[in-house]
Amino acid sequence: MDFNAWRRRRISEPAYRWARNALPAMSATEREAIEAGDTWWDADLFTGNPDWRKLLDVPAAVLTPEEQRFIDGPVARLCAMLDEWDITWNRRDLPPEVWAFLKAERFFGMIIPRRYGGLGFSPYAHSEVVRRISAYSITAGVTVMVPNSLGPGELLMQFGTPAQRDYWLPRLADGSEVPCFGLTSPEAGSDAASMVDTGVVCRQVVDGRELIGIRLNWHKRYITLGPVATVLGLAFKMSDPDGILGGPKDIGISVALVPTEAPGVEIGRRHLPAMQVFQNGPNRGRDVFVPLDALIGGAERAGHGWQMLMSALAAGRGISLPSLSAAAAVMCAHTTGMYARVREQFGIPVGKFEGVQERLASLAGNAYLVEAARRLTCAALNQDVKPAVVSGIMKYHATERMRSSVNDAMDIHAGRAVIDGPSNYLGALYRAVPIAITVEGANILTRNLIIFGQGAIRAHPYLMPEILALGNPDEERGIAVFHDVFWRHLRHAGINALRAVGRAWTGGLLAPAPASGPTAGHYRRLSRYASGFALLADATLGQLGGALKRREMISARLGDILSELYLLSAVLKRWEDEGRKHDDLPLVHWCLEQGYAAIEKGMDQVLRNLPGRVLSWGLRAAILPLRLARGPSDALTRECAELLLKPSPTHARLAADLHRDPGDPHSGSDPVGLLTRAFALADAVQPLRERLHQSGVRDWREAYRRGALTDAQAAAFEEAETIVSQVLQVDDFAPEDLSPPAAGPEAPPRGGASLPGEPGKEA
């Protein structure tokens with residue numbers, strides 16, 4: 001017997017049978033979710049030896065001239081039309097002229113190809129439009145986001161028949177049809193297998209002709225654009241009990257397009273999500289009949305709905321909420337830095353206090369990191385990659401950093417942000433945070449089950465082939481494939497173990513860096529952590545096997561490490577793409593130091609909670625002999641905070657084109673524009689203030705009386721003081737403006753929650 005045959009018989013076959021019994025069966029929905037989308041830089045990180053040159057060679061996401069003209073034209077005009085206070089508290093909706101403008105300028109058709117009348121924009125342009133609008137209005141941002149994300153348009157382009165595309169896409173592009181998508185129901189949120197919405201294949205006479213179609217019954221909620229939609233993309237469980245189609249009786253999750261004017265459709269009532277007034281609501285269908293060709297992709301796509309949804313989500317989840325989150329993080333950093341400069345206590349700007357500077361540095365770092373990750377993810381999407389795991393990372397970490405940034409901004413603004421009114425530019429963001437955390441895969445689920453739970457199987461170089469071999473109904477063939485992959489896996493793990501030990505014990509000095517310079521050490525250190533992560537992941541999977549699915553806290557921490565590796569890669573990529581600006585290095589260093597501390601904390605917590613103590617001690621000695629990462633130093637924190645407290649090219653890059661023009665004559669009616677003007681004026685008079693202070697004069701008026709200031713200089717001081725005073729004011733209202741109307745027979749009805757079996761009553 002040769003050695004290979006001996007290995008197969010004595011090692012591979014027992015390992016195959018043990019793993020086959022130990023691992024839980026993978027459900028159809030799990031497999032479809034895992035197989036959806038593509039792997040990308042996440043797979044490189046899982047190897048333990050990422051090729052940094054491959055990352056740096058990825059073309060940066062940029063706008064085409066046509067896309068830039070759209071940003072400078074229709075997007076700018078739309079933003080000028082938006083008054084979020086009026087939209088939220090007076091209208092409870094976008095103004096009619098805004099709806100008309102969105103349709104006329106084809107904002108709902110950004111992703112639809114030009115041949116169907118859409119704009120045919122790249123994913124980066126789509127992201128950029130959503131980001132810029134969201135900086136002015138969450139309501140408008142979400143309204144534009146949804147038709148261009150997971151929904152009928154995306155599904156039709158990927159899976160629709162030619163006839164469906166020819167009919168629906170032009171109507172979606174020009175806004176004559178407003179789409180929504182119905183997935184979530186009261187019984188099933190993240191667990192689509194629990195869906196009770198049904199579609200039964202049947203025959204029905206329509207206009208004198210007998211048609212084969214589907215009789216639908218459903219109850220959906222949380223459906224954005226639902227109350228105003230004209231066409232509903234509906235996910236349901238399809239069955240054919242009478243065998244009309246000649247296939248299985250239980251067909252599975254399918255997706256159909258349902259006109260909302262169809263008999264039996266109940267739609268129009270609204271939810272009020274965290275006091276945000278974008279159109280969102282429940283809908284129901286009772287014995288709604290649609291022809292068989294209403295199935296997206298036709299009858300041959302029946303039962304493939306979950307796979308279709310996961311494929312679409314693999315791209316859309318990397319654009320929509322990360323774009324909104326990037327806008328929020330950047331606006332929080334930009335406005336809070338300006339406010340901390342113009343707001344003074346004890347005679348100095350509050351931004352000079354170290355307690356405030358700690359929060360300012362976090363704001364600056366988060367803004368730089370989230371925007372960097374958004375651009376890198378869009379660069380992948382621009383190359384027609386659908387990075388499923390990366391999209392999960394982006395959804396979770398962009399929204400969590402949005403939450404952190406909004407909280408820090410609220411703390412520094414204090415009472416200025418607590419009092420609501422037209423001049424409060426943070427209130428809507430603060431209320432919107434829980435929505436971003438909850439939708440498109442709740443963050444608890446995404447962190448604990450998706451990022452590593454699916455990422456390990458999808459992005460690991462050998463795990464998915466091994467699992468497929470274990471599930472092969474032909475055992476002999478399964479063993480043969482498993483034997484080949486298993487030994488390649490062991491060889492990879494052994495090499496990576498040696499690599500991880502060498503890099504950990506030398507602090508990454510043996511790891512490669514793509515270039516010399518101030519960031520070379522960061523590449524080496526990230527390579528060290530990538531090697532350690534790959535070894536830790538392999539060891540954890542080997543020890544826990546299928547039980548890791550239930551050890552969600554360990555899975556979540558491994559996901560955190562993978563996420564930090566991706567996000568920090570994006571930071572380095574952004575610095576390179578922007579031309580290696582030396583003045584931006586404090587932000588790069590702050591992000592990396594913060595990330596190192598998070599990675600080492602995650603590794604430590606996994607090692608502390610692995611059930612095998614001997615294995616845990618051995619792994620700790622190999623990959624984390626010492627915990628050296630302690631986060632950014634105080635000096636670095638102060639340096640990053642200072643970047644937000646004065647105008648500079650770095651501050652402008654951090655604002656990422658979301659800043660207002662302080663010279664705009666309309667800035668007085670825009671609270672952020674007014675703040676921007678105050679910031680510029682305060683900076684302009686600062687050299688004069690310093691000169692006066694050095695001469696012992698604290699009051700510019702006294703200096704003016706003494707002749708130490710010219711008329712122009714005194715006027716500059718007075719203008720700055722006046723504008724700053726306006727910025728510091730908060731809104732107040734007459735009592736009658738805040739009193740509810742008297743109750744009477746014409747009072748509007750209160751909302752109500754629907755009960756099972758209670759017709760006609762929706763939340």
Taking the side chain as C-beta and beyond, is there a heavy-atom pair between [X] and [Y] under 4.5 Å?
| X | Y | result |
| --- | --- | --- |
| D408 | T336 | no |
| P50 | W41 | yes |
| S531 | N49 | no |
| S404 | N366 | yes |
| V130 | I319 | no |
| F452 | S563 | no |
| L567 | V571 | no |
| V433 | M402 | yes |

Query raised in the report: Does NZ or CZ of R375 lie under 6.0 Å from the centre of the six-membered ring of Y124, at an angle within 45° of the ring axis?
Result: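 Verdict for Y124: no cation-pi partner in R375.
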How close do [X] and [Y] get, counting heavy atoms only, and between which atoms?
| X | Y | result |
| --- | --- | --- |
| P461 | H492 | CG-NE2, 4.0 Å |
| A597 | G631 | CB-N, 3.8 Å |
| D42 | T39 | OD1-C, 3.8 Å |
| I451 | V389 | O-CG1, 3.8 Å |
| G318 | T377 | O-CG2, 3.9 Å |
| A520 | A513 | O-CB, 3.7 Å |

Report task. Decide yes or no on side chain to side chain contact (heavy atoms under 4.5 Å, CB included) for D538 and N496, but give the supporting numbers first. Result -> CA-CA 10 Å; D538 262 333; N496 187 66; 5.7 Å; no
Please round to the nearest 0.5 Å and tell me the distance separating atom [atom1] of [X] and atom [atom2] of [Y].
| X | Y | atom1 | atom2 | answer |
| --- | --- | --- | --- | --- |
| L321 | E440 | CG | CD | 4.5 Å |
| E400 | S325 | CD | OG | 9.5 Å |
| L526 | Y566 | CG | OH | 13.5 Å |
| Q357 | L360 | CD | CG | 7.0 Å |
| F533 | F46 | CZ | CZ | 4.0 Å |
| Y596 | R528 | OH | CZ | 10.5 Å |

salt_bridge([X], [Y]) N-O dist < 4.0 Å:
| X | Y | value |
| --- | --- | --- |
| R401 | E564 | yes |
| D604 | R620 | yes |
| R131 | E128 | yes |
| R638 | E354 | yes |

Heavy-atom neighbours of [X] [atom1] exceed 12 at 6.0 Å:
| X | atom1 | result |
| --- | --- | --- |
| D384 | CG | no |
| R627 | CZ | yes |
| W487 | CH2 | yes |

Do [X] side-chain atoms and [Y] backbone N/O form a donor-acceptor pair below 3.5 Å?
| X | Y | value |
| --- | --- | --- |
| R503 | S527 | yes |
| K573 | L56 | yes |
| E600 | L628 | yes |
| W575 | H582 | no |
| S134 | G141 | no |
| R359 | S405 | no |
| R613 | L610 | yes |
| K581 | E576 | no |
| T399 | K395 | yes |
| T519 | H522 | no |

Report task. Compute the centroid of each ring, for Y462 and then for F486, and state whether the two points are separated by less than 6.0 Å. Result ->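 No, too far apart.
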Query raised in the report: What pairs with R341 under salt bridge (Lys or Arg N to Asp or Glu O under 4.0 Å), at least two apart in sequence or on another chain?
Result: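 Expected list: none.
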Query raised in the report: Checking salt bridge (charged side-chain N to carboxylate O under 4.0 Å, His left out) for the pair E642/K352: CA distance, chi angles, key distance, verdict?
Result: CA-CA 8 Å; E642 289 292 338; K352 296 295 184 180; 3.1 Å; yes
Report task. Go through I138 and V142 one step at a time and tell me if the side chain to side chain contact (heavy atoms under 4.5 Å, CB included) criterion holds. Result -> CA-CA 6 Å; I138 297 294; V142 172; 4.2 Å; yes
**Report entry** side chain to side chain contact (heavy atoms under 4.5 Å, CB included) assessment of I444 paired with I437
**Finding:** CA-CA 9 Å; I444 291 176; I437 296 296; over 6 Å; no
Query - Verdict with reasoning, S149 to R317, per side chain to side chain contact (heavy atoms under 4.5 Å, CB included) - result: CA-CA 8 Å; S149 185; R317 189 161 53 181; over 6 Å; no
Query raised in the report: For L463, what residues pass the side chain to side chain contact (heavy atoms under 4.5 Å, CB included) criterion, not counting sequence neighbours?
Result: A456, I457, H460, E466, I467, L541
Report task. Given side-chain hydrogen bond (donor to acceptor under 3.5 Å, both in side chains), test D584 with T650 step by step and report yes or no. Result -> CA-CA 6 Å; D584 297 356; T650 294; 2.7 Å; yes
Query raised in the report: Once the angle between the rings of Y523 and W52 is folded into 0 to 90°, is it parallel (under 30°), tilted (30 to 60°) or perpendicular (over 60°)?
Result: perpendicular
